[in-house]
S.K.: 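Dropping the structure in here first, questions after.
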Amino acid sequence: MRKKGILITGAAGEIGDAFIKSLAEKDSHALITLDIRPLPSEYAGKVIHVQGDLLDQALLSRLVSEYEITIIYHLAALLSTRAEFTPEAAHKVNVEGTLGLLKLASEQSQWRGEPVLFIFPSSIAAYGMPDLETKARFSHVREWEWNYPVTMYGCNKLYCELLGVYYSEHYRQLASDRPVMLDFRAVRFPGLISAFTVPSGGTSDYGPEMLHAAAQGLPYACFVREDAIIPFMAMPDAVNALLTLANAPAENLSRRVYNVTSFSLTAAEFSERVCHAFPEAQITFKPDLKRQGIVDSWPAGLNDHDAQRDWGWKPAYDIERSFNEYLVPNIRQRYTTPG
Ligand SMILES: NC(=O)c1ccc[n+]([C@@H]2O[C@H](COP(=O)([O-])OP(=O)(O)OC[C@H]3O[C@@H](n4cnc5c(N)ncnc54)[C@H](O)[C@@H]3O)[C@@H](O)[C@H]2O)c1
């Protein structure tokens, strides 16, 4: 008999770090983590870490020969800025990697006779606002609006959402028997901010970078204009969104892809909050017009009404709590605690 397990890809990343801490406390299933990078030693004994490439089919086959995978949290990806430097490599990881896992989940659903749950973190990058005037006019976009991404990463996310829906509802639609299909669920996250990890490779990184630089007494040149606006969310809410969506009864869900958000603010407002918390902060604005263009294509805010209605989504950290209770105290402590 195979042991039941939950697979978390990209576990060594920013969300992975917060996510496995939270899941390791709550879940009795074996937690199998997969990442090309090692995991910090603090997780030894709590999870079974497989260091390897998501694209390695032999590795995935070995995993399912040992474990009955019941849930997949597929966090591994190449993020938006990094993906623009190596678009084809990003497509490989983000699309082919996801397709390989969807295939695995689909086969496992047949074996088990019940759906494997497939949880996917999508992004505001799936949207593409054509210009700033439209961005200002449609300030809280719905899931089906403005699905015209301008980055490889955004295209990858949008297509993988569609693949997830396909594998959950239409897979082998011409076969005589309807197969047991997987259960794909996705959230479109805004920019995420963690107090405990520093992001890299994303285009919303200017927010967290400002905070982490200020707390270390380092100068920071923000790569977008002062009026650049996108939505953000504190990392504990992101973890909570993934877990709450995974636990929601299937019959309550009216869609497979949900917006979730907490607060929107401009880069200038972000900087004001950072300067208030760290009065010595040295923040300047030196927009990189190309990265600015990507941020301008992302919506100013998300309408997450459907997530609220269907699975009770509500961020615990609004703007005040995010800065005053989560970000500022923890980041301050991170850089003042010796060792
Ligand atoms: N951080 C954000 O603001 C944000 C916002 C929206 C969506 N997301 C999504 O959430 C997920 C996690 O994001 P994150 O911020 O933790 O990113 P991250 O870059 O910190 O982590 C991604 C992890 O994936 C791993 N990885 C990359 N290619 C791999 C491969 N071929 N095989 C195995 N592992 C591989 C990396 O080593 C890394 O540890 C991603 O899918 C991302 O698109 C993040």
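One-based numbering, in listed order, for ligands and for the atoms of each.
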S.K.: What's the verdict on side-chain hydrogen bond (donor to acceptor under 3.5 Å, both in side chains) for T203 and T81, showing C-alpha distance, side-chain angles and the deciding distance?
M.R.: CA-CA 6 Å; T203 314; T81 295; 2.8 Å; yes

S.K.: So which heavy atom on I72 is nearest to which on A105, and how close?
M.R.: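 Heavy atoms of I72 and A105 come nearest at CD1-CB, 3.9 Å.
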
S.K.: Does a side-chain heavy-atom distance below 4.5 Å link R188 with Y127?
M.R.: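 A side-chain contact under 4.5 Å exists here.
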
S.K.: Just so I know, are the side chains of H212 and I331 near enough to count as touching, which here means a heavy-atom distance under 4.5 Å?
M.R.: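 Result yes, sub-4.5 Å side-chain heavy-atom pair found.
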
S.K.: When you look for protein heavy atoms under 4.0 Å from ligand 1, which residues do they belong to?
M.R.: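 If the criterion is a heavy atom under 4.0 Å, then ligand 1 touches G10, A12, G13, E14, I15, D35, I36, R37, G52, D53, L54, L75, A76, A77, L79, V93, P121, S122, S123, Y153, K157, F189, P190, G191, L192.
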
S.K.: Table please: side-chain donor-acceptor pairs of residues 227-254 below 3.5 Å, with sequence neighbours left out.
M.R.:
| unit_1 | atom_1 | unit_2 | atom_2 | d |
| --- | --- | --- | --- | --- |
| D227 | OD1 | R225 | NE | 2.7 |
| D227 | OD1 | R225 | NH2 | 3.4 |
| D237 | OD1 | A316 | N | 2.8 |
| D237 | OD2 | A316 | N | 3.3 |
| D237 | OD2 | Y317 | N | 2.9 |
| N240 | OD1 | T244 | OG1 | 3.2 |
| T244 | OG1 | N240 | O | 2.6 |
| N247 | ND2 | L243 | O | 3.1 |
| S254 | OG | R309 | NH2 | 3.0 |
| S254 | OG | D310 | OD2 | 2.5 |

S.K.: To check you understand the geometry: which heavy-atom pair defines the closest contact between I20 and A11, and what is its length?
M.R.: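 Heavy-atom minimum between the residues: CD1-O, 4.3 Å.
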
